[in-house]
Amino acid sequence: METAAHSFSIWALFLQADWIVKSIMIGLLLASVWCWAIIANRVATYGKARRDMAAFDRAFASGKPLAELRTDYAGTEASGLSAVFLAAMEEWDKSHAQQAATAGGLQSRLEIALDLAVNEESAELEKRLGILATIGSAGPFIGLFGTVWGIMNAFTAIASAENTSLAVVAPGIAEALLATALGLLAAIPAVIAFNKLNADAGKLIGRLEAFADRLVALLSRQLDAGKA
C-alpha cells in the first residue's frame with residue numbers, strides 16, 4: 001500500500017516531530033532570528049560610531065579651543081570620543097571650581113574620569129556580543145540534543161512496527177537531522193559575526209583609549225603651563 005503520510009518537506013518534517021523536537025526547532029529558529037537582529041543592530045551601531053569618531057577627530061584637530069569645543073558638544077547626545085571628552089572637561093571644571101587643580105591631583109582624577117568614560121562606552125559597544133557567542137557555542141549542541149531525541153523516537157518506532165525498512169526509519173531520522181541543521185543555521189552566522197564584530201569593537205575601543213591618553217597629556221600640559 002502506498003502511503004502519503006511521510007512527506008520530506010521541511011514543514012512536514014516539523015509537523016511530524018514530537019513536541020520536544022518541535023520545541024527545540026522553534027527555539028533554534030528564534031535564536032537565528034535574534035542573532036540576525038543583533039548583527040544588524042551592531043553593524044549599524046559601529047558604522048555610526050566610526051562616523052561620529054571621525055567627525056569629532058576633525059573638530060578636535062582643527063585647533064578650536066577646548067572650551068568652545070565643549071560648548072559645541074554639550075547640547076548633543078554624546079557618545080564615543082565626544083562622551084570621553086565631555087567627561088574629562090567636567091572633571092576639569094569641578095576641580096577648578098573647588099580650587100583642587102593641583103598638577104598631580106587633577107591628572108589622577110582626569111585619568112579616573114576618563115577610565116570610567118571609556119569603560120562605559122566600551123560596554124555599550126560590546127553590548128549583545130555575548131549573546132552571539134552563546135548562540136554560536138550552544139546552538140549545535142541544542143540541535144544535537146534534538147537529533148538524539150528524534151533518533152531515539154525513530155528506533156522506538158522501528159521496535160513497535162517490527163520493521164526495519166527505510167520507509168519506517170527514514171522519516172524519524174530526517175526529523176532528527178533537521179534539528180541539527182537548524183542548530184547549525186543559528187550557530188554558524190553567530191560565530192562568524194561574533195568574531196568580526198568583536199574585532200571591530202576592539203578597534204573602536206582602542207581609539208577611545210588612545211584619545212583618552214592624548215587628552216590627559218594635553219590637559220596636563222595646559223595645567224603645567226598655567227593656562228587653566
Side-chain angles (χ1 to χ4, degrees), residues 29-95 106-139 185-223:
L29 281 173
L30 292 176
S32 181
V33 172
W34 194 11
C35 168
W36 283 107
I38 292 171
I39 292 170
N41 174 268
R42 292 295 88 188
V43 168
T45 298
Y46 293 169
K48 182 178 183 300
R50 290 188 193 95
R51 291 190 297 272
D52 291 347
M53 287 185 180
F56 185 86
D57 267 336
R58 288 192 296 270
F60 190 78
S62 67
K64 183 181 293 188
L66 296 184
E68 187 177 337
L69 189 60
R70 176 184 55 191
T71 302
D72 291 343
Y73 280 89
T76 64
E77 186 177 347
S79 63
L81 297 182
S82 60
V84 173
F85 171 73
L86 291 177
M89 296 309 295
E90 182 180 1
E91 179 57 42
W92 177 272
D93 289 344
K94 287 180 179 178
S95 294
L106 178 54
Q107 182 165 343
S108 297
R109 288 190 296 274
L110 282 172
E111 289 173 353
I112 293 171
L114 287 169
D115 283 344
L116 292 173
V118 168
N119 288 338
E120 184 175 343
E121 294 302 310
S122 299
E124 185 64 29
L125 290 170
E126 293 175 333
K127 185 186 295 184
R128 302 187 184 93
L129 292 185
I131 297 173
L132 291 180
T134 300
I135 293 173
S137 60
L185 180 68
I188 292 172
V191 171
I192 294 173
F194 173 79
N195 290 334
K196 175 65 169 64
L197 295 173
N198 190 52
D200 290 346
K203 292 176 183 176
L204 292 170
I205 292 169
R207 291 183 66 177
L208 292 171
E209 292 172 344
F211 175 73
D213 291 340
R214 286 167 51 203
L215 191 56
V216 168
L218 174 62
L219 293 175
S220 178
R221 282 197 302 270
Q222 286 197 7
L223 186 64

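Counting only distance, with no hydrogens or angles, the side chain of Ser32 and the backbone of Leu29 share no donor-acceptor pair below 3.5 Å. At least one donor-acceptor pair closer than 3.5 Å links the side chain of Asn119 to the backbone N or O of Asp115.
In terms of heavy-atom proximity, Ile135 sits nearest to Ala186 at CG2-O, 3.6 Å. Closest approach of Tyr46 and Ala201 over heavy atoms only: OH-CB, 3.5 Å. Pairing each heavy atom of Gly139 with each of Ala187, the nearest pair is CA-CB, 4.4 Å. Nearest approach of Arg42 to Leu125, heavy atoms of both residues: NH1-O, 3.1 Å. In this structure, Lys48 and Ser79 approach most closely via the heavy-atom pair NZ-OG, 4.4 Å. Nearest heavy-atom pair across Ala117 and Val84 is CB-CA, 4.1 Å.
Contacts of Glu90 classified as side chain to side chain donor-acceptor pair (under 3.5 Å), with partners at least two apart in sequence or in another chain: Lys94.
When the shell of 6.0 Å around CD of Glu126 is examined, it contains more than 12 heavy atoms from other residues, nucleotides or ligands.
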Stepwise side-chain contact (heavy atoms from CB on, under 4.5 Å) test for Met89 and Leu69: CA-CA 10 Å; Met89 296 309 295; Leu69 189 60; over 6 Å; no
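The shortest distance between side-chain heavy atoms of Lys64 and Asp72 falls below 4.5 Å. Looking at Ile188 and Ile192, their side chains come closer than 4.5 Å, going by heavy atoms from C-beta outward. With a 4.5 Å cut-off on side-chain heavy atoms, Thr45 and Lys127 do not count as touching. Taking the side chain as every heavy atom from C-beta outward, Glu91 and Leu114 never approach each other to under 4.5 Å.
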Using a 3.5 Å cut-off and no angle test, enumerate the donor-acceptor pairs between side-chain atoms of residues 206-215 and protein atoms at least two apart in sequence or in another chain.
{"unit_1": "Arg207", "atom_1": "NH2", "unit_2": "Asp57", "atom_2": "OD2", "d": "2.8"}

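Aromatic ring centres of Tyr73 and Phe85 lie farther apart than the 6.0 Å criterion allows.
In this structure, Glu121 CD and Met53 CE are separated by 7.5 Å, a value rounded to the nearest 0.5 Å. With values rounded to the nearest 0.5 angstrom, Leu197 atom CG is found 10.0 Å from Ile38 atom CD1. For the atom pair Trp36 CH2 and Leu132 CG, the distance stands at 10.5 Å (nearest 0.5 Å).
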